[in-house]
Amino acid sequence: RLRKWQSRLRVSDAAERNLAFALSELDRIASQLKLPRHVEEEAARLYREAVRKGLIRGRSIEAVIAACVYAACRLLKVPRTLDEIADISRVDKKEIGRSFRFIARHLNLTPKKLFVKPTDYVNKFADELGLSEKVRRRAIQILEEAYEKGLTSGKSPAGLVAAALYIAGLLEGEKRTQREVAEVARVTEVTVRNRYKELVDKLNLKIPL
Amino acid sequence: MVDMSNVKLRIENIVASVDLFTELNLEKVIEICPNSKYNPEEFPGIICRFDEPKVALLIFSSGKLVVTGAKSVEDIERAVNKLIQMLKKIGAKFHRAPQIDIQNMVFSGDIGMEFNLDAVALSLPNCEYEPEQFPGVIYRVKEPRAVILLFSSGKIVCSGAKSEHDAWEAVRKLLRELEKYGLIEEEEEW
DNA sequence: AATTTACTTTCCAAAGC
DNA sequence: GCTTTAAAAAGTAAATT
């Protein structure tokens, strides 16, 4: 009947409005983060899939969009920290993190698919710090040794990469301050210092004074 | 067969729901509870703390309670009896024994070996590992229902179990999975 | 820079919004 | 969903000294 038809119209109206809002929010985040088009498209695909599976229930569209952006970055190996996304989202980092873990669980985004090699973070941070190829290679070498010695489990990848770049900079004569590397990695100086100490100690690195 | 001889579990917290089968006037109850807090605007129950046994109780007007922070089931029984004695002085009548249901037990423990959590996350199905947000692997056991947090040190936290037996069973299942995917013989192949 | 305090994760019930 | 309560793990963060 007419009423049923109207309610159907209303439902699809709401769904379309929500989707339009979600995609505009995605556009806003993607342009501010200067994300490649394929990442934005993947985030949109993840969002539609999340809607189709009813994963939005109880969550805000903004939180889920931010989570999809983060997931798309991880899947496509485009390094972006959760903090960078949280900075420009109206939703806080904690809520984005929750939504991210929730959609990851239900869209079968396994740790394997989401794994981003430290190398990718090295290049991103090194770009922002203006560090040479030589420093990057040294940092990666340090990170590989640290992994082999079991120093990386449970630690913040961003903190580890920041410390490795700090050390590599010192070793290759392209010093950046702890403050500078901490800033691009979005961790505190204390974290950089703690990782730095442990890496220098356990890998027997000789830092030129 | 999974070797559990090196595995340790320790009770850290027990949560129980209790029904006293008596309606309570919280305005009266608040006067006989020394270290308690009651703001019906923010939370409908009285928050009360006992030193002996060391627990926290949430007291509701329906006569139902939530007891948390206990290290043993006996602590919960003692706390409930202590509260009942206090309530009797305020005129509350008890016609039957309280019903106590253990809802959740939290354990800390040790598996006795270290783990490469990247390797664990790569092969162990149905687990979560986001080192940027939390340093442990999160593993959910369906039956008995429980969640285990596994750290690189081999230390664990098991929550959601309703009994010590269930917690051991959940840990046993995690170990079986770890063994099945070749994650037990760590040391050499890091 | 060391200490202390605090927050992240997991679990669960209660009554009501 | 949220509110409150407890507790541990290990990492990170923030506030004091």
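Order of the sequence lines fixes the chain letters, A, B, ..., with proteins taken first and strands second; residue numbering starts at 1 for each chain. Every value quoted in this text rests on a predicted model; they were computed, and no experiment measured them.
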What's the CG-C1' distance between B:L24 and C:dA15, to the nearest Å?
14 Å
Please state how far atom CD1 in B:I138 lies from atom C1' in C:dT8, giving the value in whole angstrom units.
10 Å
Spacing between B:I102 atom CD1 and D:dT5 atom P, to the nearest angstrom
21 Å
In whole angstroms, how far is the C1' atom of C:dA15 from the CD atom of B:E23?
12 Å
With a 4.0 Å cut-off on N to O distance, would you call A:R195 and A:E198 a salt bridge?
yes
Quickly work out the B:K71 NZ to D:dA6 P distance and round it to whole Å.
12 Å
Picking from D:dA10, C:dA15, C:dC12, which would you name as closest to the side chain of B:Q103?
C:dC12
Can you tell me the base-pairing partner of D:dT4? Count Watson-Crick or G-U wobble geometry only, both distances below 3.5 Å, and say none if there is no partner.
C:dA14
Nearest to the side chain of A:T191 - D:dT5, D:dT12, D:dA6?
D:dT12
Which of D:dA6, D:dT12, C:dC12 is nearest the side chain of A:K155? It is D:dT12
So if I take every side-chain heavy atom of B:R145 and compare against C:dT10, C:dC12, D:dT5, which nucleotide ends up nearest?
C:dC12
B:F43 has a side chain; which of C:dT10, D:dT3, C:dA13 sits nearest to it?
D:dT3
May I ask you to decide whether A:R137 forms a salt bridge with A:E133, counting only side-chain N to carboxylate O separations under 4.0 Å?
yes
Looking at B:R10 and B:E12, is any side-chain nitrogen of the basic one under 4.0 Å from a carboxylate oxygen of the acidic one?
yes
Taking NZ in A:K77 as the centre, count heavy atoms belonging to other residues, nucleotides or ligands within less than 6.0 Å. Is the count above 12?
yes
Among D:dT5, D:dG11, D:dA9, which nucleotide sits nearest the side chain of B:K155?
D:dA9
